[in-house]
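What follows is a single structure, written as structure tokens, with notes after it.
A note on names: the letters A, B, ... follow the listed sequences, proteins ahead of strands, and every chain is numbered from 1.
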Amino acid sequence: MVEEQKQKQQRFRETIQRQREKLPIYASKDELVAHIEQNETVIILGETGSGKTTQIPQFVYERMMTMKKENKNNNTEFESNFPPRKEKGTMVAVTQPRRVAAVSVAKRVSQEIGDGGKLGDLVGYGIRFDDCSSEQTRIKFFTDGMLLREALNDPLLSRYGAILVDEAHERTLQTDFLLGTLKAIQEKRRMNILEKDDDNDNNNNNNKRKKRKKRPPPPPLKLIIMSATLDASSFSDFFDACPIIYIKGRTFPVETYYLKEPEEDYIDAALCSVMQINEDEKDIKGDVLVFLTGQEEIESLGKLLTQRGKDTYPQLNVVLLFAAMPAEEQMKVFEETPKGTRKIVLATNIAETSLTIPGIRYVVDTGLTKMRTFKAKSGVEELKVVPIARSQATQRCGRAGREAPGKCYRLYTEDTMFSLAEQVVPELLRTNLAGVVLMLKAMGVNDVLTFPFIDKPSTEGLLRSLELLYSLGALDDKGELNKIGRQMSKFPLEPMACKCIIESRNQKCTEEIVAILAMLSTENVFVGRTIQVAKHKTGDHMTLLNLYADYSKVSRNGKKKWCNSHGVSFRAMNKAEKIKEQLSRSIGHIEDWDEDEEKDEEREGEEKEEKQEKENKSVRIRKALTAGFFMNAAKKESISDGSGGGSNSMFVTLIGGNRLFVHPSSTTFHKFSSRETAKEAVGISSSYIIFNELIRTNKLYARDVSVIEGEWLTEFGSRVFGTQR
DNA sequence: GAGCACTGC
């Protein structure tokens, strides 16, 4: 019996090995390893299906092991080259932009490596809320944000001898930030080695040097950057003209079709294309994937297609796919379509990278996407429909050729295709940098303007972020991180939110603030368009808090049902719960937090009756929120509202003077849009609000809004509102 | 009366 099992395992291993050897990358293994050995940094351009993600980490690890053995026999060979040490530099880290990828690749590699161990032994992973690794782990997969966090605690990332950054072409904020950090680490580790070599040369060391010799610095850091797009020159330039290695992929050919004339109504064009594909290819099996920009148009095209596709052959089986959808409904795209039907998936760019849908042979590409950008000058975010980049067009096309030859219908002309930007603008260039700057400061990078970014963010953006951090009280007059700033950097939240936590200690409402911030970091709490839970009179923050409190009271088994009956996303609540736990843990790590808490308790003794205390709770909570979000304050515009009943009230931000509306998703939306004034509706003598974010879609909208008192602004935002009233 | 691409710590 045992013998039989062993044979089974052996056969399994052999199958896997055969599969590995068939991968395109296997042919160039030796060349690859040689390149990695000879260079500190190597860029690998691997097309889809090359096997780079699963194989290269193993190649690197195997080479590290053989070098270790060689070193035992011959002490000189690897010392200068690729030196695994007992503690430092013995691990391989691999980063991915997404959690699912990190976990699934780790699983695959753990199987392939055939050490007989389970995931978490030799091969492990580390993502937020979930670390699966042990003392034995030598190859560890991360989300790139996770490895960045690790760099906060271990500034040289000294456990790792090699780091592989995968999907670098996506140029996410975290990947770009990580690449800059790794470049800086490489330099430092190189210098350490030199110092150590100096030690060896001069035998007349002083004590300090001897001490250092006892604890050897980490070896130089090998860096392997893996990208899928052809343009890797910017990476190579950034890493001192390091070599680029091309690896062929293995995908099926995809035939591409363009429109002859531009067509403005792309929904109609998509509708026609799908009907046409279904008609022309009626004898060929294969599903259709349509790329659209958002939920609304996906739903409306879904209705049209379902109607029109009833009487066709094959019948159309229309499936919608966007991130805000409940998880169970998302799973429908993975179900096999019934015989005699063709699956039509209408998706946002979630299907571009995050999800791979089996069975797709036809892609319809509108050539558009929604993109978020940030204007440093006004502090306003925009969410706009824009043309995709050529790299995205290629990526979308490729989705038709994963399993068999496919076809791609581009709903734009060939001329348009060539007018597209080659690459997506890196996220770092179109986002609020305050969080990045806070993290840089916490890493000890004082001069953030000279930090090595592949693409330098605008000086204005960096300066604005420094200003914001200063107004939050995180920086001293010299621009250096102070105690508050250091505490703020411990939280996985944007700086304004971090500041709320710090102030919550003074306001004695840390639990509540942490719950609110956890809810704010969760997208799509409400499933439907109408909010079915009790609203709080002061606005969204207290509503979210009450919702969280209600949810917490429900028994573990009943939570899902409770969410469904309250129009609330279970996935979101579950995530909020985890984030809250994580934030509370981070507070626990702040050394002198408890001390101050005790002082507060002393003060509490002097406090008045408990009843009044309870009434004040909402005030204290909103004060703590104001301490973080005072830059996001707005005042109701006094309009002579004789005729304007029913129209949404307008606000003006105190900083920047942006004229805005409350977003319709806000619980305060109805209050401000009715003829009542804020004062009457809310029962608070104030026309000031704070909000979580400002985003321009069709109008400029403030999302997650609460009513506050004007004087709190001067109290908590003294560095900006100090002199004025 | 009117609306929110996608990730990640």
Side-chain angles (χ1 to χ4, degrees), chain A residues 95-102 126-130 142-152 167 170-178 291-299 321-325 347-355 366 368-373 381-386 388 392 424 427 430-431 435-436 438-439 442 489-495 497-498 517-518 521-531 575 578-579 582-583 586 644-649 661-666 669-675 692-693 695-704:
Chain A
T95 71
Q96 295 287 332
R98 282 167 292 278
R99 296 161 52 90
V100 267
I127 59 176
R128 190 181 190 182
F129 310 131
D130 189 7
F142 290 94
T143 42
D144 30 28
M146 249 338 241
L147 193 62
L148 261 177
R149 283 275 151 193
E150 191 164 324
L152 265 181
E167 314 287 5
E170 287 189 25
R171 305 297 306 273
T172 66
L173 173 73
Q174 317 254 40
T175 306
D176 272 18
F177 191 5
L178 181 64
F291 284 102
L292 297 149
T293 69
Q295 175 174 354
E296 210 177 289
E297 65 188 32
I298 285 176
E299 281 168 350
L321 181 65
F322 44 88
M325 229 164 63
T348 59
N349 43 8
I350 190 173
E352 213 175 274
T353 48
S354 305
L355 285 177
T366 57
L368 298 167
T369 187
K370 264 184 197 168
M371 190 158 80
R372 209 174 180 130
T373 52
E381 287 183 296
E382 272 187 14
L383 191 63
K384 271 202 308 200
V385 174
V386 295
I388 56 173
Q392 286 177 289
V424 185
E427 194 183 355
R430 50 182 172 85
T431 198
V436 172
L438 178 61
M439 225 166 134
S489 72
K490 306 283 186 227
F491 299 103
L493 297 169
E494 43 138 355
C498 296
L517 296 175
S521 354
T522 322
E523 283 292 300
N524 310 314
V525 173
F526 299 105
V527 178
R529 292 210 164 169
T530 45
I531 295 167
K575 192 175 161 197
K578 282 187 185 165
I579 295 176
Q582 190 190 31
L583 294 177
S586 304
S647 75
N648 195 349
S649 307
F661 296 92
V662 170
H663 194 274
S665 67
S666 170
F669 177 74
H670 291 271
K671 292 186 197 303
F672 291 129
S673 65
S674 72
R675 234 176 302 166
N692 201 40
E693 71 172 354
I695 189 156
R696 184 185 301 281
T697 50
N698 293 324
K699 286 181 190 168
L700 188 59
Y701 285 112
R703 294 180 65 184
D704 294 308

Selection from dC9(B), dG3(B), dG1(B) that lies nearest to any side-chain heavy atom of R128(A): dC9(B)
Rounded interatomic separation in angstrom, taking CG from L173(A) and C1' from dC9(B): 10 Å
Sugar-phosphate, base or nothing in reach of R149(A), heavy atoms under 4.0 Å: base
Value in whole Å for how far the P atom of dG8(B) lies from CZ of R372(A): 15 Å
Nearest listed nucleotide, side chain of I350(A), among dG1(B), dT7(B), dC9(B): dT7(B)
Touch class at under 4.0 angstrom, heavy-atom based, for M371(A) against every strand present: nothing
Atom-pair distance (NZ on K384(A); P on dC6(B)), nearest Å: 19 Å
Nearest-Å distance for atom pair CD1/C1', residues I388(A) and dC6(B): 15 Å
side-chain N/O R99(A) vs dC9(B) OP1/OP2, d < 4.0 Å: yes
Interatomic distance, M325(A) CE vs dC6(B) C1' [rounded to whole Å]: 14 Å
Set of residues satisfying side-chain contact (heavy atoms from CB on, under 4.5 Å) with respect to E693(A), sequence neighbours excluded: R372(A), E381(A), R703(A)
Beyond-backbone contact of M439(A) with L152(A), side-chain heavy atoms, under 4.5 angstrom: yes
Any T95(A) side-chain heavy atom under 4.5 Å of T175(A) side chain: no
N/O (side chain, T143(A)) to phosphate O (OP1/OP2, dC9(B)) under 4.0 Å: yes
Most 5' of N349(A) and P492(A) on DNA chain B, judged by nearest nucleotide: N349(A)
Nucleotide dA2(B), atom C1' - distance to CZ of F526(A) in whole Å: 17 Å
Sequence-distant partners of N524(A), side-chain contact (heavy atoms from CB on, under 4.5 Å), two or more places apart: A324(A)
Touch class at under 4.0 angstrom, heavy-atom based, for T369(A) against every strand present: nothing
Integer-rounded Å distance: dG8(B) C1' and F491(A) CZ: 18 Å
Closest listed nucleotide, where the reference is the side chain of Q174(A) and the choices are dG3(B), dC6(B), dC9(B): dC9(B)
Length of the CG-C1' vector between L383(A) and dA5(B), whole Å: 6 Å
Under 4.0 angstrom between S665(A) side-chain N/O and dG3(B) OP1 or OP2: no
Atom pair CD1/CG of I695(A) and L700(A) - distance to nearest 0.5 Å: 9.5 Å
Candidate nucleotides dG3(B), dA5(B), dC6(B), ranked by approach to the side chain of A323(A) - the nearest: dC6(B)
